[in-house]
Amino acid sequence: MRHWLMKSEPDVYPIEALERDGATFWEGVRNYQARNFMRDDMAVGDPVLFYHSNAEPPGVAGVAKIARTAYPDDTAWDPANHYHDPSCPVGEPRWLRVDVAFVERFARVVPLEALKANPALEGMLVTRKGQRLSVQPVSAEHFAEVLRMARALAEA
DNA sequence: GCCAACGTTGGC
DNA sequence: GCCAACGTTGGC
């Protein structure tokens, strides 16, 4: 089992929407490295930190889990879709999506600033400057530490 | 295969 | 809204 962090802009799809929906298609990934993580390394049940990017504050908003492994993202072929990729030949599954299920919404977002300030999270990708991957692996230790921070924030 | 131009991400 | 970082594209 591997652990993950996946970014979503709350203006587009916040953790509250996943809580409401129960599960969702994680579509629109148009980066090869992120796609390869989904294709090669994700398994059903893998835990996911649900991260709010372009948010105030940016940070981890809750937990999800992988509910279905990678399969073709057909939004790439739909000219009307925001994620349409005109260079992608129809029928050729270049881009993939996974299904993600809701697990937990944190009482408070664990802010990026707090992640950066925590020495136990040294090296965590999301804390690195210029790190833009929307799907990234997280070590089991870092994952557990973020959960611990979320519990502490909820009690504060 | 190099690399400049360009587009996007995402914190601030 | 700015802009640094960085992935992608395309001319050569």
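Letters A, B, ... are given to chains in the order of the sequence lines, protein chains preceding strands, and every chain is numbered from 1.
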J.: With a 4.0 Å cut-off on N to O distance, would you call Arg148(A) and Glu145(A) a salt bridge?
T.: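 Salt bridge: yes.
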J.: Return yes if a side-chain donor-acceptor contact under 3.5 Å exists between Asp78(A) and Tyr83(A), otherwise no.
T.: no
J.: Verify salt bridge (charged side-chain N to carboxylate O under 4.0 Å, His left out) between Asp85(A) and Arg30(A), making sure each step is shown before the conclusion.
T.: CA-CA 8 Å; Asp85(A) 176 3; Arg30(A) 297 292 180 267; 5.2 Å; no
J.: Under a criterion of less than 4.0 angstrom to any heavy atom of chain A, what are the 5'-terminal and 3'-terminal contacting nucleotides of DNA chain B?
T.: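 From 5' to 3', the first and last contacting nucleotides are dG7(B) to dC12(B).
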J.: Between Gly130(A) and Asn54(A), which residue's closest nucleotide on DNA chain C lies nearer the 5′ terminus?
T.: Asn54(A)
J.: Among all residues two or more places apart in sequence or in another chain, which pass the side chain to side chain contact (heavy atoms under 4.5 Å, CB included) test with Ala144(A)?
T.: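 Side chain to side chain contact (heavy atoms under 4.5 Å, CB included) check on Ala144(A) returns nothing, list empty.
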J.: Sorted by first residue and then second, give each ring pair (Phe, Tyr, Trp, His ring centres under 6.0 Å) pair with at least one member in residues 6-25 of chain A; sequence neighbours left out.
T.: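 Every pair satisfying ring pair (Phe, Tyr, Trp, His ring centres under 6.0 Å) with a residue in residues 6-25 of chain A: there are none.
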